[in-house]
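The sequence lines fix the lettering, A, B, ..., with proteins before strands; numbering per chain opens at 1.
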Number of protein chains: 2
Amino acid sequence: MSVLSTKERILNTTEKIISEIGFSSMSLRTISTQAKTNLAAVNYHFGNKEKLIEMMLERRLDNLFQLRINLLDNLESGSSQPCNLKQVLEAFITPALTMSNDKHQGGSLFMKVLARAYAEKSEYLHDLLSKRYSDTIKRFALAIQRACPYLDEQVVFWRFHFIMGALVYVMADFGASSRTNNLSDTEYFNICCNELINFALSSFSQTS
Amino acid sequence: MSVLSTKERILNTTEKIISEIGFSSMSLRTISTQAKTNLAAVNYHFGNKEKLIEMMLERRLDNLFQLRINLLDNLESGSSQPCNLKQVLEAFITPALTMSNDKHQGGSLFMKVLARAYAEKSEYLHDLLSKRYSDTIKRFALAIQRACPYLDEQVVFWRFHFIMGALVYVMADFGASSRTNNLSDTEYFNICCNELINFALSSFSQTS
DNA sequence: ATTTTTATCAAACAACCGTTTGAATTTGTA
DNA sequence: TACAAATTCAAACGGTTGTTTGATAAAAAT
């Protein structure tokens with residue numbers, strides 16, 4: 001329980017607060033209070049608010065994109081043939097939804113944070129994504145392109161971005177209001193994951 | 001130009017500010033300044049900040065959903081047969097993108113506001129959508145269901161929500177960073193609209 | 001023209017924000 | 001044990017927030 005350091009408690013609480021009320025509404029006072037420490041501790045450990053947010057994002061994003069890269073590496077290793085489309089989509093989508101479903105490590109909170117960062121056009125996230133993760137995104141777009149040679153390059157680009165939009169939408173738990181009551185969280189996420197992949201797969205099918 | 005009343009100038013400026021910096025970062029002082037009026041005028045005309053936001057949202061949402069309803073009414077009138085899927089999707093999507101592309105009436109700003117409202121889980125919007133517009137959304141889901149009898153009801157439900165996510169994502173202009181430079185705004189939105197409808201259409205195609 | 005309502009405005013209010021300070025406390029080390 | 005470094009804490013700083021007040025100005029009504 002309270003074996004966590006103050007620094008870790010602050011990071012975890014920051015995830016929790018931002019997932020609940022968003023970036024621009026979050027205050028260091030509510031964070032320090034909920035993390036059972038002092039207001040000044042935030043500035044002591046992280047310098048300022050901006051750096052706290054950056055560290056909170058980087059802690060999880062590296063993990064998420066590494067999972068995606070590993071899955072794509074496995075698919076592309078040992079063959080120069082185009083990958084199976086469904087497997088590529090799964091390699092991109094499942095790490096996000098797995099994190100969403102991971103309660104123990106706080107990943108489920110982070111995916112909501114990520115959705116909010118997308119939505120609020122967070123400068124921190126935008127810079128991180130364009131500087132540190134754009135290569136991975138391009139790799140996936142290329143893999144999809146190779147798996148769907150019948151689709152125009154621009155069309156693949158658009159639909160991949162639409163799917164990212166749907167993914168963010170789901171991560172933010174917008175469907176929650178219409179969730180069937182008798183489903184556990186695990187069941188819900190499993191269905192959601194399956195439906196989203198089929199949705200993505202279907203959206204890359206050839207149109208007449 | 002300045003034939004607009006103070007009330008209208010405040011509403012328009014609120015749209016503009018929120019589309020730029022979001023709900024939680026917006027302040028009544030920046031709004032009153034930019035609307036070329038006094039700070040107290042906001043509270044005088046709208047009571048408080050919350051009611052200002054509600055009025056700003058309601059002013060446009062009624063218009064948007066009425067456009068959708070009109071299009072769907074036309075499709076369903078005169079025949080008890082299921083509607084054409086593409087036409088149903090167009091009836092839902094095009095009003096949003098038309099508003100996005102409408103500069104004269106300020107609709108383009110509002111669609112960004114709407115995207116932010118979705119993203120920030122605005123209570124105002126959530127209540128409005130679930131109380132005032134849920135019937136329309138259910139009508140569209142049903143029309144899609146009838147047009148795709150080969151798909152399970154739950155699958156239709158999921159994919160319709162995924163598409164709403166993609167629509168919000170597009171409205172928020174997230175693809176902007178990757179926009180081709182030599183496209184005008186009008187051209188960009190026409191392409192975007194077309195791609196999104198084909199995307200939605202494709203996503204409801206039967207999967208193997 | 002006078003009264004009444006409506007609208008605008010500068011100023012002030014209390015509450016909250018991120019950050020800094022300097023002293024107290026805990027922890028690690030010699 | 002004694003010293004030094006790392007950490008915690010209450011308090012205060014200047015700045016911004018939404019809201020209210022009361023005086024002024026404009027418009028409408030009598």
Side-chain angles (χ1 to χ4, degrees), chain A residues 1-59 113 116-117 119-125 127, chain B residues 1-59 113 116-117 119-125 127:
Chain A
M1 263 307 176
S2 72
V3 295
L4 294 175
S5 68
T6 301
K7 206 169 177 178
E8 288 171 316
R9 290 205 316 278
I10 291 174
L11 282 174
N12 292 341
T13 307
T14 303
E15 277 188 345
K16 180 161 178 281
I17 297 288
I18 291 183
S19 74
E20 289 169 355
I21 64 174
F23 282 84
S24 27
S25 302
M26 137 242 192
S27 86
L28 298 186
R29 276 177 173 81
T30 63
I31 286 179
S32 62
T33 301
Q34 202 153 326
K36 294 191 195 305
T37 182
N38 187 268
L39 170 62
V42 179
N43 290 74
Y44 174 78
H45 285 287
F46 298 94
N48 56 33
K49 187 180 183 179
E50 192 170 336
K51 287 178 184 169
L52 165 64
I53 292 176
E54 285 177 6
M55 289 198 189
M56 181 268 293
L57 287 175
E58 288 184 28
R59 183 174 70 145
V113 169
R116 285 197 177 272
E120 298 180 27
K121 299 186 181 182
S122 156
E123 299 261 346
Y124 325 113
L125 180 70
D127 292 350
Chain B
M1 263 307 173
S2 71
V3 294
L4 293 176
S5 68
T6 302
K7 206 169 176 178
E8 287 172 316
R9 291 203 316 279
I10 291 175
L11 282 173
N12 292 342
T13 307
T14 303
E15 276 188 346
K16 180 161 178 280
I17 297 287
I18 291 184
S19 74
E20 289 169 356
I21 63 174
F23 282 85
S24 28
S25 302
M26 136 240 194
S27 85
L28 297 185
R29 275 176 176 79
T30 64
I31 285 179
S32 62
T33 301
Q34 203 154 325
K36 295 191 195 306
T37 182
N38 187 269
L39 170 62
V42 179
N43 288 73
Y44 175 77
H45 285 286
F46 298 94
N48 56 32
K49 188 180 183 179
E50 193 170 335
K51 287 178 183 169
L52 165 64
I53 292 175
E54 284 177 6
M55 289 199 189
M56 182 267 294
L57 287 175
E58 288 185 25
R59 183 175 68 146
V113 169
R116 286 196 178 272
E120 298 181 26
K121 299 186 179 183
S122 157
E123 299 262 345
Y124 324 114
L125 181 69
D127 292 350

Any chance you could measure B:Leu11, atom CG, to B:Glu58, atom CD, to the nearest 0.5 Å?
11.0 Å

Distance in Å, A:Tyr44 OH paired with A:Leu39 CG, rounded so as to fall on 0.5 Å steps:
15.5 Å

Nearest non-hydrogen partners of A:Val113 and A:Phe23, listed with the distance:
O-CE1, 3.7 Å

Is the distance from OP1 or OP2 of D:dA6 to the nearest side-chain N or O of A:His45 less than 4.0 Å?
no

Please report, to 0.1 Å, the donor-acceptor pairs under 3.5 Å made by any side chain of residues 28-38 of chain B, with sequence neighbours excluded.
residue : atom : partner : partner atom : Å
B:Thr30 : OG1  : B:Ser27 : O            : 2.9
B:Thr30 : OG1  : B:Ser27 : OG           : 3.4
B:Ser32 : OG   : B:Leu28 : O            : 3.1
B:Ser32 : OG   : B:Arg29 : O            : 3.0
B:Thr33 : OG1  : B:Arg29 : O            : 2.8
B:Asn38 : OD1  : B:Ala40 : N            : 2.9

Taking protein heavy atoms under 4.0 Å as touching, what does nucleotides 24-29 of chain D look like 5' to 3' if B marks base contact, S marks sugar-phosphate-only contact and - marks none?
------

For a 4.0 angstrom threshold against heavy atoms of chain A, report the outermost contacting nucleotides of DNA chain C in 5' to 3' order.
C:dC17 to C:dT21

Where at least one partner belongs to residues 10-19 of chain B, residue pairs that pass salt bridge (charged side-chain N to carboxylate O under 4.0 Å, His left out), sequence neighbours excluded
B:Glu15-B:Arg59, B:Glu15-B:Arg60, B:Lys16-B:Glu20

Go through the steps for A:Asn12 and A:Arg9 under the test side-chain contact (heavy atoms from CB on, under 4.5 Å), then give the verdict.
CA-CA 5 Å; A:Asn12 292 341; A:Arg9 290 205 316 278; 5.9 Å; no

Collect all protein-nucleotide pairs involving nucleotides 13-20 of chain D in which both atoms are nitrogen or oxygen and the distance is under 3.5 Å.
residue : atom : partner : partner atom : Å
D:dT17  : OP1  : B:Ser27 : OG           : 3.3
D:dG18  : OP1  : B:Met26 : O            : 3.4
D:dG18  : OP1  : B:Leu28 : N            : 3.4
D:dG18  : OP1  : B:Lys49 : NZ           : 2.7
D:dG18  : OP2  : B:Leu28 : N            : 2.9
D:dG18  : N7   : B:Arg29 : NH1          : 2.7
D:dG18  : O6   : B:Arg29 : NH2          : 2.8
D:dT19  : OP2  : B:Lys49 : N            : 2.9

Mind listing the side-chain donor-acceptor pairs of residues 50-57 of chain A below 3.5 Å, one per line with the distance, residues two or more places apart or on another chain?
none

